[in-house]
Amino acid sequence: MIDIKDIVKPENLVFKKSRVLTDNPMHYCPGCSHGVVHNLIAEIIEEMDIQDNVIGVAPVGCSVLAYNYIDIDWHEAAHGRAPALATGIKRLMPEKFVFTYQGDGDLAAIGTAETIHACNRGENITIVFINNGIYGMTGGQMAPTTLEGMVASTCPSGREHARDGYPIKITELLAQLPGTCYVTRQAVHTAGSVRKTKKALRKAFENQTRNRGTSIVEVVSTCNSGWKMSPVKANDWMVENMFPFYPLGDLKDE
Amino acid sequence: MIDIKDIVKPENLVFKKSRVLTDNPMHYCPGCSHGVVHNLIAEIIEEMDIQDNVIGVAPVGCSVLAYNYIDIDWHEAAHGRAPALATGIKRLMPEKFVFTYQGDGDLAAIGTAETIHACNRGENITIVFINNGIYGMTGGQMAPTTLEGMVASTCPSGREHARDGYPIKITELLAQLPGTCYVTRQAVHTAGSVRKTKKALRKAFENQTRNRGTSIVEVVSTCNSGWKMSPVKANDWMVENMFPFYPLGDLKDE
Amino acid sequence: MRELKLMKGNEAIAEAAIRYGVDGYFGYPITPQSEVMETLMAMRPWETTGMVVLQAESEVASINMLYGGAGSGKRVMTSSSSPGISLMQEGISYIAGAELPCVIVNVVRGGPGLGTIQPSQSDYFQAVKGGGHGDYKLIVLAPSSVQEMVDFVGLAFDLAFKYRNPAMILSDGVIGQMMEKVEFDEYKPRWTREEIIAKNPWAATGKPPTRERNIITSLHLQAVDQEKQNIKLQAKYKEIQEKEVRYETYLCDDAEYLIVAFGSSARISKKSVEIAREKGIKVGLLRPITLFPFPYKEIGAYTDQVKGILTVEMNAGQMVEDVRLAVEGKVKVEHYGRMGGMISSPDEVENALEELIIGG
Amino acid sequence: MRELKLMKGNEAIAEAAIRYGVDGYFGYPITPQSEVMETLMAMRPWETTGMVVLQAESEVASINMLYGGAGSGKRVMTSSSSPGISLMQEGISYIAGAELPCVIVNVVRGGPGLGTIQPSQSDYFQAVKGGGHGDYKLIVLAPSSVQEMVDFVGLAFDLAFKYRNPAMILSDGVIGQMMEKVEFDEYKPRWTREEIIAKNPWAATGKPPTRERNIITSLHLQAVDQEKQNIKLQAKYKEIQEKEVRYETYLCDDAEYLIVAFGSSARISKKSVEIAREKGIKVGLLRPITLFPFPYKEIGAYTDQVKGILTVEMNAGQMVEDVRLAVEGKVKVEHYGRMGGMISSPDEVENALEELIIGG
Amino acid sequence: MGKVRGAIVVDTERCKGCGLCVVACPTDTIVLADEVNGKGYHYAKMGNPEACNGCTNCAMVCPDSCITVYRLKPEKSK
Amino acid sequence: MGKVRGAIVVDTERCKGCGLCVVACPTDTIVLADEVNGKGYHYAKMGNPEACNGCTNCAMVCPDSCITVYRLKPEKSK
Amino acid sequence: MKEEIIIAGFGGQGVLSMGKILAYSGVMQGMEVSWMPSYGPEMRGGTANVTVILSDEPISSPILHEFDTAIILNQQSMDKFEKAVKPGGTLIYDGNGITHHPSRKDINIYRVDATAEAVKMRSVKTFNMIVLGAYLKLKNIVDMENVLKGLKKSLPERHHHLIPMNEKAILRGGEIIQEISVVE
Amino acid sequence: MKEEIIIAGFGGQGVLSMGKILAYSGVMQGMEVSWMPSYGPEMRGGTANVTVILSDEPISSPILHEFDTAIILNQQSMDKFEKAVKPGGTLIYDGNGITHHPSRKDINIYRVDATAEAVKMRSVKTFNMIVLGAYLKLKNIVDMENVLKGLKKSLPERHHHLIPMNEKAILRGGEIIQEISVVE
Ligand SMILES: Cc1ncc(C[n+]2csc(CCOP(=O)(O)OP(=O)(O)O)c2C)c(N)n1
Ligand SMILES: Cc1ncc(C[n+]2csc(CCOP(=O)(O)OP(=O)(O)O)c2C)c(N)n1
Ligand code: SF4
Ligand code: SF4
Ligand code: SF4
Ligand code: SF4
Ligand code: SF4
Ligand code: SF4
Ligand SMILES: [Mg+2]
Ligand SMILES: [Mg+2]
C-alpha cells in the first residue's frame, strides 16, 4: 500500500489555496457560497497575473469584508453603490481591472439604478453578483430575488407577491442593455459548477482588456444561515427551487 | 353662406377644454407636449367621473406644476421618487385612482430604482411617462433617453455612447416585469395619435379598478425648447428620429 | 389595564405603532433596528388593525413612500439607522417643507460611513440642526427606556399632527436592542376616512366638489412666496420651542453641578449621579426629552445655581453646543463622551465630572 | 501672466478645475449650477488635460463615483445644489469616514424641499455640522466672488489632500450665476501616476508586491476600532481648526460694532458697512472664509472691542449659533436674514444693524 | 347633402402661437395672426373660415387648450 | 496500470465542518470528525484515505480553502 | 464713476447677452463689472432681467434694488422696474407692446423703438444691439472701441462675422433714441 | 436586591434566550429587569453575550463593565469576562472546550458541564437550560414557579410542549453544578 506520506509531497500537489488569498480565516458562516467565489476570484487574479493591477469594490453585505481575504487593493462601497464607485475608478484608471462584488440586496434593490446605469453606459468593468435570495448580513430579510413562498425574517410566512412584489430577474434585464457584453448565470454547489463559474469569471475579467462593455457573472448561491438550513440541505434546496426560476447559463456573450 | 355666428352656438359644440382643467394659463413653452397630455388626462378624469377620487403625483420636471392645471388633488414628488410616493398613497388608499406623471430624466435616470420596483411589486397605479429625450426643466441637458448623436447642453457635440452611455429603452424593461399589466408607447403629434393616446390612458386608468398591476403609458414627446427647434420642426424631428428608436405601440396588454 | 411585556425597544416600538392605530410603515432593513419591521411582519397587523407594512427597495424609497402616505393624512412611520437616515435627508427636507406629519425612527449606530453597528448618539446634529437642505426643524424625541420607545410613538404622532411637522424618535442601539418591562395601552382604532378628512383638511384624499384641490408641495418658485413659507415655518418652530419643551430632572434641587445627557447616556449618567452623591458631590441630572425643542431656557435657569455642567453623549460633542448656547458663557460647560459604539461606564462619567468640571 | 475673463461663477469654477489639473468631475444637472457641467462638456478637457467628465444618473451616483475616484488618489470633484447635496449625505459621510480628499461644490438655493431655485445660504448647518450621520467634518470654504470660486478650487484640493478630508465649496445662486472679471492661472499638469502614488501612498491603485494591500474603507466592525478611528478623526479636525482658519476683515480696526457674514451676504454687508460709516456708525465686517474651521477665536477676540455683533445670512439664523459660541455671551449677537431666495439690500442690513444691535 | 361646416374659437390670449394647430388642420383653415397678443405671441385664427369642417384635430393637438370647436350637423346645413 | 491515488490535507483549524466537501467527494473519502476544533466545529478529514483519487472536487467546493490536494501520477503508482 | 443698470424684458429678447456685452465692454475699459441675471425659474418662458454694474471701484453687492438706469423692453418689466429707477436716473424703453407708458416725473425717460427698427433693418436678431446703442449714446461710459472689443470677446469665434452687422445696429440705436422727458 | 449577570458563549449556544428566560422570570417575580445583548456584528458566527440585570429598583444603566455573576460558555468569553466579575462575585462555566480555567482567588467559581450533560440527556437544545438551572440553584433570586412562568412567556405558543423537557433540564443543572473554589 502507498502511504499517505508518499502522496502528500510537493511534487504531487494538485490543488492548494491561491496565494492571492490571505491567511485570514473567513468570517462567513460554515458552507457559505461567498468563500467559494472568493477562491475563484483569487485564482483568476493569480492566473492572469494581475494582482498589482486589479481593484475590487465590495459594498455592504456579508462580503464587505472581502478585503480581508483577497490580497489586492480594495474599496468598500456604500450599500448599492459599488457600480458607481467602480465607474469612478475605471474612468480614472482605465488601465486597471475593476470589479464589483455585490449581493442581491445590494445589486437588485437599493443599487438598482446604479447597476442598470453602469451597465447601460457599458462601463468596462466586471460585476460579480452573488444571488443568495436573501439579505445575509442583516440577518435574513427578504431580498428582491427571494422566491415566492420563500420564508425570510420580513416575510415570515413566505413571500407573497401581492404584498412583497415578485422576485426580480435583474440579470435578464441587464442582458438586454446594449452596454453589457457578457452576462451569465452560474453556481458553485458542485465541482463541475465551480469549474464553469471559474471560466465565466475569467472571461468576464478578460473582457476588460477588450473594452467590450460590462461583464456580469451572477452566481446563484446559498445563504444557509438566512435560509435556516444546513449547508448541504441549502445546496439541495437551491437546485430544486432557485435553479428553475434562475436558470443557469449564458444570457449574452458578444 | 353660413355665417360663423350660426355655427358657434352651444348646440353645435363638439370640442371644448375639459372642465377638469383649470383656467390657469400653462407655463409650458409654446408647443410643448406636456399640455396635450394634460388635456387628455383631464378629459379622462372628467369622462370617468373620478375627479373626487383621483390623486396625481408630479415629480420635479417641467410638469411639477401640473397641479396648477388639472383640477384634482395633487402631490409633488422629489425628483425620481413619484413611484415611491404613489406606492405610499395607493397602499394606504387602495380605493383611489393614483397616477404619476414623470419625465424621462425622472423615470429613467434618478428614479430608475423606484420605477422598477414599483412596477415589480405591481403597484396598482398608472404611470404616465413623458419621454422628450431631454431634461426640459433644467434647460436641456442630456437625458437617459437622449438619442445617440443628439445634441444637449451636457453633450453639446451630440451623445456619444462611449462617454455618455446608450439611450435606454426603459419601457421595454418595465414590460418584462411580471408586475406590469399594460405597457404602451404612444405620441401626441397628430390628432390620430392623440386619440390613440387617450384610449391608452383611459385603459391605464381603468386597469386600476381591476387590480391587475402597474399600467404604463409612455408618450414620446417633443421639447422644442430643449431641442432648439420650432414646435412644428420638433414634431417632424421626433417622427424621423425618435420613433425609429422608440417605436409606438403596445408592449404588453394582459 | 395596561398589558405588561418584556421586549426589545425595536420590538416594542413596532407593537406600539400597531396599538396606536398607525396606518402604514415603510422601511428597509439595517442593523440595529431590523427587528422593527420584522416584528411588524410577524404580527401581521394588516389582518387586525388594517395597518400596511411594506419593505421598500431602499431608504430613499421608504422616506418617499412616507411622503406620499403622509400627504394622505394618515399616520405613517419609518425606521432606520444612521446611514439609512442619511439617505433620507432629501425626502425629510421635502416632508418638512410640505409640512406633513409623520414619524421617523433613527436607532443610531456609530459613524461616519459604514462605521460600526454599535450604539452611538452621533446623529444629534443631523437630527436637530437639519441634515437636509434648507431651514427646517424636526420635532426630536429621545427615549431612554423601552417604555419610552412605546410612549413616544403616540407622543410623536400627536405632536407631528398638531404642528404638521415630521417628528423623529432619536434612539440608539442600546435602547433598540435592550429588553425591559414595558406596559402597553389598549389598541386604539385607526382613524376612519371621515376622521382623517375632518382632522386633516389639507390632505390629498381626492377633491370633492365642495373644496378647492389640495396640493401637497414644498415648491415655491418665486422667492417671495418661498420666503413667506419660510416665515411661516419659522413661526411654527418658535411656537414649538415655546410650548413643547420636555425634559426630566433627577436630584437637581440642591445640585452644585449638572450633568446634561439624553437617551441611553442619561441612564448611565443617572448611575453616575448616584455614585457621585455617595461621594458627597452634589450633582444632578437634566435629561432633555425633546432635543428640538431644546430646553435652552430650562438649562439656562441653572446657571445661577450650579458651578459647572458636564454633557455626556456617545459622540464627539454635539449637544454640548446647545448647552453652551443655553448658558451663554455663564458657567463652565464641558463634554464627555465615548465614540464609535463604545459606551461609558457610570464610573467613567463620574470621573469625568470630577476631572473636567469639579477639578478642572 | 494671468488670463482675464468675464465669467459666471459656475463657468469659472469649471474652467478653474480644468486648469488646476483636476482628474475627474461627476455630476447631475440641477439649477442654479448646471453650467458647471455644461461648461466642462463644452470645453472637452478630456481632449486636452485628460480630465474625465461624466454625467451621472443621479446625485447618489455622482457622490459615489467621487468616492471611487477619490480612492484612486486622484483629484475629483462634483457640484450640485441643495436637494442634490442632501441626497449625497450618506456618500459624504462615507468619504469622510474613509478619509478621502475630494471637492464638493454646493451652489445653494432656497429650501426646504424643492423650494425655490433662488439663492440662499440655508445649507450652512448641513455643511458645517454634518448633514450625514456620524461625527465628521467637511472643510468648508465660502467664496464671495467669482474670483474666489476660481481660487478656492485649488485651495480646496490642497486642503483636502493635506488632511485627507472632503472639502466643500459652499457657494450660492448669486455667486454661481453672476459674471465678474476673473483671472486664471496657467494650466497645471495633472499628477502623473508616479506622483499620485508618491503623494498618496494610501490610494487603491493596484497592489504591487512591495506593499500591503490598500483598503479604502469606513468600516470598523468592532466598537473599539471605530472609537480609535473617531479619535483620529477628531484629532485631525482639531488640527484643522488650529491651523486652517481663514477670514477677512473690513474696517474692523476701530469698529464699535461688527457684522459677521459669509459668501454673498458678506458682499452685501460690505456695502452696508459703507452706508453705516457714512452715517458715522463705526462698524466693521468680519467675513469667515472657512466655515469649518470657523474663526471662533478670531471673532471671540472682538468681544473686548465691540458692543454688538450682527450676523447677516440668507437663512433663518444658522451661522449665528457659531458666532454665539464664539463670544460666549460677552456681547450681544443678533441675526438678520432674508429667506427663500430673497436677498437683503445693503440698506436693509444697515437698518437691521441699527435696530437690532445699536438701538436694540 | 351639404358639406359639413365647422368653426373654431381661439382663446387668443391663451394661445402661444406654436403653430401646431395650423399643421394639424386638414383643411388649411388656420393661420397665425400677424398681430401679437398680450404675451407677444402671433395667435392662431381662422384664415379660411369656410374651409373648416369641425373635425377637432386642431383642438386635440393644441397644448394650451385654446380652441373650442363647433360643427353644424350636415342635415342642418343649407 | 494502477489506480490513481490521491490524498487531501485539511487545515482543520480553518475548517468549519460545513460538510460540503463530504458531499462533493465522488469516492466518499471524507468524513466529519467526531471531535471539534478550537472553534467548536467538527472538522473534515479523510475517513477512507485509500479511496481518494485526488480529483480536487472537495477542495473546489470548500468555502474556506481548507483543503490541499495531492495526486500521485499513475505511472509512479505501484 | 459707477453705473448701475437693469435690463429687463422677455426671455428671448437678448436681454442677458446685451448685458454681457455691456459688461465686457466695461472690462475692456478697465473697469470693475458685475452681471447678475434673474435665472430660472426652472420653467419656460416668462421674463428675464439682468443687473449690470460698471464701476471704477470694487463692487460690493451685485444685487440691487434701485438703479441709475433701467432699460425696459416689455410691459411686465415696466410695471416692475419703473419705480426702481433712482430719482434723477434714466429709463430707456422700447415702445413696442407698452400699454402703460412711464409716468415718473423725477427721472429722465427715453424711448427707442428698436423692435420696429430691427424689423426695418431686416435683422430681428440685432434688436438688442439697437437698444444697447441707444443706451451708449446716452451714457458715454465706455468707448466704442471697447464696446467692439467686448462684443468680440462675448461672441463665440464662429459668430465673429456678425460683428459688423451688430456695430451697425449699435450706431443705429444711437440715432433713433428719442427724449421723452428729462429732469433738469 | 440587585443582581448583575453576564452570560457569554458562542452564538448558537442559546445565550440570548437563556438571558431572556431569566429576565422574564424576574418580571414574573415583580422585579425590574433589563436584558442587553451584544448584537451584530452584521457578520456571522463569533461570540454572543447578554447582560441581564434583576433588581428591586429601577435600573439606570443596562450596560455594565463588571458583574455579580458571569456565566461563561467558551474560552474566548472566559478570556474576556473572568476579569469582569466583581470581587466576591460568582463565575459559573462549562468546562467543555476550556483550555485556560479560571484562576481568580477573589471570586467564587463553579463548573457545570452542561454540554456533556445535554449529550447524555440526548437533548442538545436544552443545554442552556441546564446552565440556567445551575445558576438558579446557586442564586436563589427567582422562585421556580416564576421561572416556569418566564419560560412560558418567552417561548412562542407552538413550543409550549417543550416546557416539561426544559424544566427537567433546569432541575438537572441544579444537580450537577460543582463548586471549584469559594471565597469565604
Ligand atoms: C444605506 C444602508 N441601508 C441598509 C444597510 C444594511 N445592510 C447591510 S448589508 C444589507 C443587505 C445585504 O444583503 P445582500 O446585498 O444580498 O448581501 P448578502 O449579505 O446576502 O451577501 C443591508 C440591508 C446599510 N448598511 N446601508
Ligand atoms: C435631487 C434633484 N436633482 C436634480 C434636480 C434638478 N432637476 C429638476 S427637473 C430635472 C429633470 C427634468 O427632466 P425630465 O424628468 O425629463 O422632465 P422634463 O422637464 O423634461 O419634462 C432635474 C435634473 C432636482 N430638482 N432634484
Ligand atoms: S449570512 Fe448567509 S451570506 Fe452571510 S456569511 Fe452567512 S451564509 Fe454567507
Ligand atoms: S422646456 Fe421642454 S418640456 Fe419644458 S415646457 Fe419647454 S418644451 Fe416643454
Ligand atoms: S395649437 Fe393652440 S397654442 Fe398653438 S397656435 Fe394653435 S391655438 Fe395657439
Ligand atoms: S376643426 Fe378641423 S377643419 Fe376646423 S380648423 Fe380645426 S382642424 Fe381645421
Ligand atoms: S468544505 Fe471545507 S470547511 Fe467545509 S467541512 Fe469540508 S474542509 Fe471543512
Ligand atoms: S480529492 Fe477527490 S477523491 Fe479525494 S477527497 Fe477530495 S473529492 Fe474525494
Ligand atoms: Mg444576499
Ligand atoms: Mg424630459
Does [X] reach the side chain of [Y], with side-chain heavy atoms less than 4.5 Å apart?
{"X": "Arg193(D)", "Y": "Glu95(A)", "result": "yes"}
{"X": "Leu100(D)", "Y": "His75(A)", "result": "yes"}
{"X": "Leu92(A)", "Y": "Lys74(D)", "result": "yes"}
{"X": "Val57(A)", "Y": "Tyr67(D)", "result": "no"}
{"X": "Leu85(A)", "Y": "Met65(D)", "result": "no"}

Review point. Does the Arg81(A) side chain pair with the main chain of Val60(D), one donor and one acceptor, at a distance under 3.5 Å?
Key: no
Study note, to complete from the structure: Checked Val52(D), Asp23(D), Leu54(D) vs chain A; the most non-hydrogen pairs under 4.5 Å come from Leu54(D)
Study note, to complete from the structure: Counting heavy-atom pairs under 4.5 angstrom with chain A, the leader among Pro209(D), Ala70(D), Ser218(D) is Ser218(D)
Review point. Is it true that Lys207(D) and Asp73(A) have a side-chain N and a carboxylate O under 4.0 angstrom from each other?
Key: no
Which bit of [X] comes within less than 4.5 Å of chain D, counting heavy atoms only: side chain, backbone, both or neither?
{"X": "Ile116(A)", "value": "neither"}
{"X": "Ala77(A)", "value": "backbone"}
{"X": "Ile55(A)", "value": "side chain"}

Exercise for review: Test Ser72(D) against Lys96(A) for side chain to side chain contact (heavy atoms under 4.5 Å, CB included), laying out the working first.
Suggested key: CA-CA 11 Å; Ser72(D) 314; Lys96(A) 302 287 169 194; over 6 Å; no
Practice item. Taking all heavy atoms of Ala113(A) and all of Glu57(D), pick out the closest pair and write down the distance. Key: O-OE2, 3.7 Å
Review point. Can Glu76(A) and Ile216(D) be said to form a side chain to side chain contact (heavy atoms under 4.5 Å, CB included), step by step?
Key: CA-CA 6 Å; Glu76(A) 160 216 77; Ile216(D) 307 291; over 6 Å; no
